[in-house]
J.: 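What follows is a structure written as structure tokens; I'll ask about it next.
In what follows, chains carry the letters A, B, and so on, assigned in the order in which the sequence lines appear, proteins first and then strands, with residues in each chain numbered from 1.
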Amino acid sequence: MRWSQTLIPTLKETPAEAEILSHKLLLRAGLVRKLTGGLYTFLPLGVRVLRKVEQIVREEMDRSGALEVLLPTLQPPEIWQQSGRYEAIGDGLYKLRDRAKKEWVMSPTAEEVITTLAAGEINSYRQLPATFYQISVKFRDEIRPRFGLMRAKEFIMKDAYSFDATEEAAMSSYRKMYDAYQRIFNRCGLKNFPVEADTGVIGGNLSHEFMVPAETGENEIVFCEACGYAANLEKATSGIPKTAAREVGPTPEKFATPGVVTIEALTKAPHSVPANRQIKTLVFIADSKPVLILVRGDDQLNEAKLASVLGTTVFRPAETPEIFDALGAHPGSLGAVGVTKFPVFADERLRGANGMTTGANEDGFHFNKVSLERDIPGARWADLRTVGAGEPCAKCAKPLKIQRGIEVGHVFMIGSKKYSEKLNAYYLAEDGTRKPCVMGCYGIGITRTLQSIIEQSNDKDGIVWPLTVAPYQVCITPLGVASGSAVMQLAEKIYAELQARGVDVILDDRDERPGVKFKDADLVGFPIRLGIGEKSLAKGEVELKRRGGTLTPVLAAAAVAKVCECLAAGGAN
RNA sequence: CGGAGCGUAGCUCAGCCUGGUAGAGCACUUGCUUUGGGAGCAAGACGUCGCAGGUUCGAAUCCUGUCGCUCCGACCA
């Protein structure tokens with residue numbers, strides 16, 4: 001490609017809309033332009049990178065045995081109602097009506113459609129296992145799009161779905177995808193690592209997210225450097241000790257605590273109850289009914305874990321009047337002692353604890369000497385607390401660390417209940433029985449991955465593309481473009497030869513000053529730049545410059561060979 | 001949806017408080033000079049000051065409404 005014949009609108013100044021570095025560089029390097037909030041136009045250079053990432057994904061999906069399909073984006077709401085996700089996702093779904101006033105859904109993902117396909121086409125165990133994938137535009141009604149392509153209303157995603165006869169076979173399909181994901185992100189030049197992920201309302205224990213470490217990431221990752229444990233904060237556990245038991249009296253004792261409505265206040269004189277001897281009582285409305293959640297006073301509830309325990313995402317903190325109706329007291333004086341009307345869930349860390357202090361469900365009073373098992377016998381135990389940095393790893397007891405990351409991929413074992421049974425994807429097993437397919441689903445945010453690469457690979461001058469996804473691998477920069485000049489003749493010759501060898505090459509044939517060309521090439525981030533100028537050409541040389549590396553003079557006659565050598569070495573030399 | 005901020009040239013922004021003929025830099029067009037890290041000079045083109053009302057002799061500026069964008073929070077199957 002000749003620079004003058006394409007559109008690469010680089011910007012010297014950063015548009016005000018961009019907040020994070022990768023977003024600024026996407027705009028400045030002329031890869032994308034914003035149409036409106038959460039919607040972006042891909043320019044020629046952006047499309048090239050997109051296609052390269054897609055191609056890597058495609059190759060690794062194919063290699064893993066997955067079959068490429070293309071599913072409709074416009075989908076009937078009926079199948080969403082059948083799976084129960086019409087309600088579960090609710091406002092996150094883009095919906096529209098046609099001229100006959102019939103409603104349609106814009107696909108945010110395609111479990112329902114693929115399961116419908118499987119229901120029709122897969123009849124026998126002989127057809128299993130089967131994994132399908134597609135790369136397509138997806139839609140989500142994001143409450144707040146942000147960070148450019150990171151969280152957009154419309155984005156490109158690779159989604160894949162596996163169908164198996166048994167749990168064991170499904171595990172194997174899951175593993176294949178997991179392995180393919182590692183190959184994909186490595187090929188994209190991304191530092192990344194899989195972490196155990198929350199499985200939310202679906203349950204089960206098998207889900208991993210592929211994270212790219214970045215301060216701008218929206219996820220928090222808990223990890224152990226010693227043993228390799230890594231999990232999303234929503235899922236992470238630690239080996240933190242349970243609450244110590246102590247000698248206590250036979251019954252809780254009520255005591256007056258006028259005006260004390262926070263954990264903090266109760267830690268102070270005259271009560272002086274440390275936070276770790278208090279029970280924090282939270283009230284949520286789940287499926288329209290109150291539930292009580294107990295965590296230790298110095299712990300934080302993890303709502304993702306709560307969703308998993310409640311088996312629903314439809315819950316919210318109760319409003320003060322609802323709390324008063326339910327318990328007869330206001331927040332700050334709440335407790336679960338004697339509460340039998342509502343379900344009570346208590347964090348594992350409180351198991352066996354006694355001598356604890358909690359609200360008495362009477363404004364201005366608390367109980368002390370509370371023993372969890374004795375005084376709140378109806379409590380169901382669950383892991384509900386949020387892990388903190390520095391807590392001991394559950395596996396090896398070394399201190400855990402917390403780091404932010406960008407989720408670029410997610411693999412998920414679903415099983416058969418969520419979609420197969422509801423949408424009738426059954427097959428006939430070898431023994432003649434009818435069984436639901438065991439499903440897995442697997443996503444990669446293509447556009448998000450693209451931006452993650454930029455977020456991770458840049459310097460003060462601009463993007464530093466890994467060779468595998470660079471829009472062009474080589475940029476030829478003639479300093480002076482007078483046609484017929486020795487410089488331009490050589491540039492044209494090398495350009496033609498590299499093209500003949502199948503190298504992705506762009507010739508900067510613009511009549512611009514050298515400074516402009518250098519700055520643009522650096523900003524866009526081509527891995528290899530070949531500078532051709534009168535000064536060096538007088539010595540029979542051209543200049544080979546690796547992005548972010550050193551400048552090496554090479555003989556003009558050897559330039560093509562050197563570039564190819566450099567490419568073969570992965571751009572590393 | 002709650003909180004905060006911003007809408008003025010393609011981009012970055014000044015002007016608004018204190019009402020009086022629409023500004024700068026970059027980008028763009030033309031010419032000359034320049035030519036190894038975002039050149040200089042000269043000339044030029046580019047605006048319903050987000051939109052709609054209102055106040056006023058007069059509104060980018062003050063008031064009301066509205067739309068949009070950005071940030072923080074809630075949300076993220």
J.: With P as the reference atom in both, quote the distance from B/rG15 to B/rG54 in angstrom, rounded to an integer.
T.: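 It comes out at 29 Å once rounded to the nearest Å.
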J.: Quick test of your reading of the model: are A/Glu111 and A/Arg85 salt-bridged, counting only N-O distances below 4.0 Å?
T.: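 Looking at A/Glu111 and A/Arg85, the cut-off is met.
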J.: How far does the P atom of B/rU56 sit from the matching atom of B/rG68, given to the nearest Å?
T.: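 Nearest-Å result for B/rU56 against B/rG68 at atom P: 31 Å.
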J.: For nucleotides B/rU21 and B/rG38, find the distance between their P atoms and express it as a whole number of Å.
T.: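 To the nearest whole Å, 40 Å.
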J.: Can a donor-acceptor pair under 3.5 Å be found between the side-chain atoms of A/Glu543 and the base atoms of B/rG36?
T.: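 Per atom types, the contact qualifies.
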J.: Is any side-chain N or O of A/Arg513 under 3.5 Å from a base N or O of B/rU34, one able to act as donor and the other as acceptor?
T.: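 Yes, the side chain and the base share a sub-3.5 Å donor-acceptor pair.
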J.: Using the P atoms only, state how far B/rA9 lies from B/rG23, rounded to an integer number of Å.
T.: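 It works out to 14 Å between them.
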J.: Tell me whether the side-chain N or O atoms of A/Arg151 pair up with the base of B/rC76 as donor and acceptor below 3.5 Å, since no angle test is needed here.
T.: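 Yes.
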J.: Taking the same atom, P, in B/rU12 and in B/rC71, what whole-Å distance lies between them?
T.: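 Straight-line distance between the two P atoms is 14 Å.
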J.: Per the atom types in the model, does the base of B/rG38 pair as donor or acceptor with the side chain of A/Asp520 at under 3.5 Å?
T.: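 Pair found.
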J.: Once you apply a heavy-atom cut-off of 4.0 Å, does A/Leu93 come out as touching a base, just sugar-phosphate, or nothing?
T.: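 Nothing: the residue A/Leu93, judged by heavy atoms under 4.0 Å, touches no strand.
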J.: Rounded to whole angstroms, how far apart are CZ on A/Arg146 and P on B/rC71?
T.: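 A/Arg146 atom CZ is separated from B/rC71 atom P by 7 Å.
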J.: Taking the C1' atom in each of B/rU18 and B/rC1, what is the distance between them to the nearest angstrom?
T.: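 That atom pair is separated by 38 Å.
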J.: Expressed in whole Å, how much space separates the C1' atoms belonging to B/rA45 and B/rU55?
T.: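 Looking at atom C1' only, B/rA45 and B/rU55 are 37 Å apart.
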J.: Consider the side chain of A/Lys34, meaning its heavy atoms from C-beta on, and name the nucleotide among B/rC72, B/rU70, B/rU35 that approaches it most closely.
T.: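 Side chain of A/Lys34 sits closest to B/rU70.
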J.: Partner lookup for B/rU55, please. Criteria are Watson-Crick or G-U wobble with both distances under 3.5 angstrom; report none if nothing qualifies.
T.: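 Looking at the geometry, B/rU55 pairs with no nucleotide.
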J.: If you compare every side-chain N and O of A/Arg144 against the phosphate oxygens of B/rC72 (OP1, OP2), does one of them come in below 4.0 Å?
T.: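 Indeed, a polar side-chain atom of A/Arg144 lies that close.
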J.: Rounding to an integer number of Å, can you tell me how far A/Lys519 NZ sits from B/rU35 C1'?
T.: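 In whole Å, B/rU35 C1' lies 17 Å from A/Lys519 NZ.
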J.: Using both distances under 3.5 Å as the test, list the Watson-Crick or G-U wobble partner of B/rC76, or none.
T.: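 Pairing partner: none.
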J.: For B/rC41, which nucleotide is its Watson-Crick or G-U wobble mate, given both distances must be under 3.5 Å?
T.: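 B/rG31 - that is the nucleotide pairing with B/rC41, both distances being under 3.5 Å.
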J.: Determine which nucleotide pairs with B/rG5, using a 3.5 Å limit on both distances of a Watson-Crick or G-U wobble pair.
T.: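 B/rG5 is paired, partner B/rC69.
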J.: Let me know the distance between CD of A/Glu87 and C1' of B/rC75, rounded to the nearest Å.
T.: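 After rounding, the gap between these two atoms is 18 Å.
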J.: Which part of the nucleic acid, if any, lies within contact of A/Arg316, taking any heavy atom under 4.0 Å across all strands shown: a base, the sugar-phosphate backbone alone, or nothing?
T.: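 Since no nucleic acid heavy atom lies under 4.0 Å of A/Arg316, the category is nothing.
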J.: Answer yes or no: does a side-chain N or O of A/Ser536 lie under 4.0 Å from OP1 or OP2 of B/rG36?
T.: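 No, no such contact exists.
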J.: State, without any angle test, whether A/Tyr161 and A/Thr109 hold a side-chain donor-acceptor pair at a distance under 3.5 Å.
T.: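 A/Tyr161 vs A/Thr109: donor-acceptor pair found between side chains.
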J.: Pairs of donor and acceptor atoms involving the side chains of residues 505-524 of chain A, under 3.5 Å and at least two apart or interchain, shall be tabulated with distances.
T.:
residue, atom, partner, partner atom, Å
A/Asp508, OD1, A/Arg510, N, 3.4
A/Asp508, OD1, A/Arg510, NE, 2.9
A/Asp508, OD2, A/Arg510, NH2, 3.1
A/Asp509, OD1, A/Trp3, N, 3.3
A/Asp509, OD1, A/Ser4, N, 2.8
A/Asp509, OD1, A/Ser4, OG, 3.1
A/Asp509, OD2, A/Ser4, OG, 2.6
A/Arg510, NH1, A/Asp520, OD2, 3.0
A/Arg510, NH2, A/Asp520, OD2, 3.1
A/Lys517, NZ, A/Pro478, O, 2.8
A/Lys517, NZ, A/Asp508, O, 2.8
A/Lys517, NZ, A/Arg510, O, 2.9
A/Asp520, OD1, A/Thr10, OG1, 2.9

J.: Which part of the nucleic acid, if any, lies within contact of A/Gly37, taking any heavy atom under 4.0 Å across all strands shown: a base, the sugar-phosphate backbone alone, or nothing?
T.: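 Sugar-phosphate: the residue A/Gly37, judged by heavy atoms under 4.0 Å, touches backbone atoms but no base.
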J.: Without hydrogens or angle criteria, can the side chains of A/His410 and A/Ser207 be said to hold a donor-acceptor pair below 3.5 Å?
T.: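 There is such a pair (donor and acceptor under 3.5 Å, judged by atom type) between the side chains of A/His410 and A/Ser207.
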J.: Any chance you could list the contact pattern along nucleotides 9-16 of chain B? Use B for base contacts, S for sugar-phosphate-only contacts and - for none, protein heavy atoms under 4.0 Å, 5' to 3'.
T.: --BSS---
J.: Round to the nearest Å and state the distance from A/Glu19 atom CD to B/rG73 atom C1'.
T.: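 To the nearest whole Å, that distance equals 15 Å.
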J.: Mind checking A/Arg529 for me? I need base, sugar-phosphate or nothing, with any heavy atom below 4.0 Å counting as a touch.
T.: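 Base contact - A/Arg529 has a heavy atom under 4.0 Å of at least one base atom.
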J.: Among residues two or more places apart or on two chains, list those pairs meeting side chain to side chain donor-acceptor pair (under 3.5 Å) that have a residue in residues 527-537 of chain A.
T.: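 Applying side chain to side chain donor-acceptor pair (under 3.5 Å) to every pair that reaches into residues 527-537 of chain A, excluding sequence neighbours, yields nothing.
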J.: Can you list everything that forms a ring-ring contact (aromatic ring centres under 6.0 Å, His included) with A/Phe315? Sequence neighbours excluded, please.
T.: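 ring-ring contact (aromatic ring centres under 6.0 Å, His included) check on A/Phe315 returns A/Phe284.
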J.: For B/rG25, give the paired nucleotide (Watson-Crick: N1-N3 plus N6-O4 or O6-N4; G-U: N1-O2 and O6-N3; both under 3.5 Å), or none.
T.: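 Pair assignment: B/rG25 / B/rC11.
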J.: Could you check which nucleotide pairs with B/rG47 in any of the strands shown, counting Watson-Crick or G-U wobble with both distances under 3.5 Å?
T.: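 Checking every strand shown, B/rG47 finds no partner, since no pair has both distances under 3.5 Å.
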J.: Taking the C1' atom of each, how far is B/rA52 from B/rC76, in whole Å?
T.: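 Straight-line distance between the two C1' atoms is 37 Å.
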J.: How many Å lie between NE2 on A/His410 and P on B/rC76, as a whole number?
T.: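 Computing the A/His410:NE2 to B/rC76:P distance gives 14 Å.
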J.: Atom CG of A/Leu537 and atom C1' of B/rU35: how far apart are they, to the nearest Å?
T.: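 A/Leu537 atom CG is separated from B/rU35 atom C1' by 16 Å.
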J.: Any ion pair linking A/Arg316 and A/Glu322 (charged N to carboxylate O, less than 4.0 Å)?
T.: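 Counted as a salt bridge, because a side-chain N and a carboxylate O are separated by less than 4.0 Å.
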J.: Run the ring-ring contact (aromatic ring centres under 6.0 Å, His included) test against A/Phe345 and tell me which residues pass, sequence neighbours left out.
T.: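 By the ring-ring contact (aromatic ring centres under 6.0 Å, His included) rule, A/Phe345 matches no residue at all.
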J.: Any side-chain N or O of A/Lys12 below 4.0 angstrom from OP1/OP2 of B/rA27?
T.: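 Checking B/rA27 against A/Lys12, a side-chain N or O does come within under 4.0 Å of OP1 or OP2.
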J.: Does A/Pro9 reach a base, just sugar-phosphate, or nothing at all? Heavy atoms under 4.0 Å.
T.: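 No contact.
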J.: Please list every donor-acceptor pair under 3.5 Å in which a side-chain atom of residues 437-451 of chain A meets a protein atom from a residue at least two apart or in another chain.
T.:
residue, atom, partner, partner atom, Å
A/Tyr442, OH, A/Ser162, OG, 2.7
A/Thr447, OG1, A/Ile156, N, 3.2
A/Arg448, NE, A/Met150, O, 3.0
A/Arg448, NH1, A/Glu407, O, 2.9
A/Arg448, NH2, A/Met150, O, 2.9
A/Thr449, OG1, A/Gly445, O, 2.6
A/Gln451, OE1, A/Leu149, N, 2.8
A/Gln451, OE1, A/Met150, N, 3.3
A/Gln451, NE2, A/Ser22, OG, 2.9
A/Gln451, NE2, A/Phe147, O, 3.0

J.: Starting from the 5' end of RNA chain B, give me the residue, A/Ala18 or A/Ile143, whose nearest nucleotide shows up first.
T.: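 It is A/Ala18 whose nearest nucleotide is closer to the 5' end.
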J.: Judged by atom type as modelled, is there a donor-acceptor pair below 3.5 Å linking the side chain of A/Lys153 to the main-chain atoms of A/Pro145?
T.: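 Flag not set: sc A/Lys153 to bb A/Pro145 has no pair under 3.5 Å.
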J.: Hey, does A/Asp522 reach any base, or is it just sugar-phosphate, or nothing, if we go heavy atoms under 4.0 Å?
T.: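 Base, at least one base heavy atom under 4.0 Å.
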J.: Do A/Thr237 and A/Asp383 have side-chain atoms, one donor and one acceptor, less than 3.5 Å apart?
T.: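 No pair is found: no donor N or O on one side chain lies under 3.5 Å from an acceptor on the other.
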J.: On RNA chain B, nearest-nucleotide positions of A/Asp511 versus A/Glu234: which is more 5'?
T.: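 Result: A/Asp511.
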J.: Figure out the CG/C1' separation between A/Leu301 and B/rA74, and round it to whole Å.
T.: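 To the nearest whole Å, that distance equals 15 Å.
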J.: In whole Å, I'd like the distance from the CG atom of A/Leu27 to the C1' atom of B/rC69.
T.: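 About 14 Å, once rounded to whole Å.
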